[in-house]
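Index from 1, following the sequence. Atoms within each ligand, like the ligands themselves, are counted from 1 in listed order.
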Amino acid sequence: MTVTDWQTIEAPDEGCANRFPLSVAGACDEGFVVRFHSGLFAYINRCPHNGSPLDWVPERFFSEDGELLVCQTHGALFAPGSGACLAGPCPRGLSVLPLREEGGRLYVPAGIDNPTG
Ligand code: FES
């Protein structure tokens, strides 16, 4: 995966998520970043089961106990710190996106060339 462009977004609070627009090989898509146990992690907002966004309830990504990410469509569960599929019909984990913090700002991709490469 090569990042073709970067953007800055607001960093989420602990246990919360922020979505952002993302171009994947020129097609409109969406990413999200979560703060979990003080770390920041970003993923493409696309469930590997059938490709729907995880949060059909906008920005509700976490389980009730705040320990897992949940696909709201069929209930797949993912590890917030790695995107690994832990339960449900997901054939693999979430697609991880790079991020970086510089000068107190959070940078996430605005565009990538390939979600798996
Ligand atoms: S679309 Fe996510 S579990 Fe089915």
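Checking Val108, Ile44, Asn45 one by one against Leu22, the side chain to side chain contact (heavy atoms under 4.5 Å, CB included) holds for a single residue, Ile44.
Aromatic pair Phe32/Phe61: ring centres closer than 6.0 Å.
Scanning both residues, Pro12 and Val34, for their nearest heavy atoms gives CG-C, 3.9 Å. Pairing each heavy atom of Phe78 with each of Gly83, the nearest pair is CD2-O, 3.5 Å. For the pair Asp113 and Thr2, the tightest heavy-atom approach, listed with the atom from each and the gap, is OD1-N, 2.7 Å.
Around atom 2 (Fe) of ligand 1, the protein contributes the following N, O or S atoms at distances under 2.8 Å: Cys47 SG, Cys71 SG.
In this structure, cysteines Cys47 and Cys71 have SG atoms that are not closer than 2.5 angstrom.
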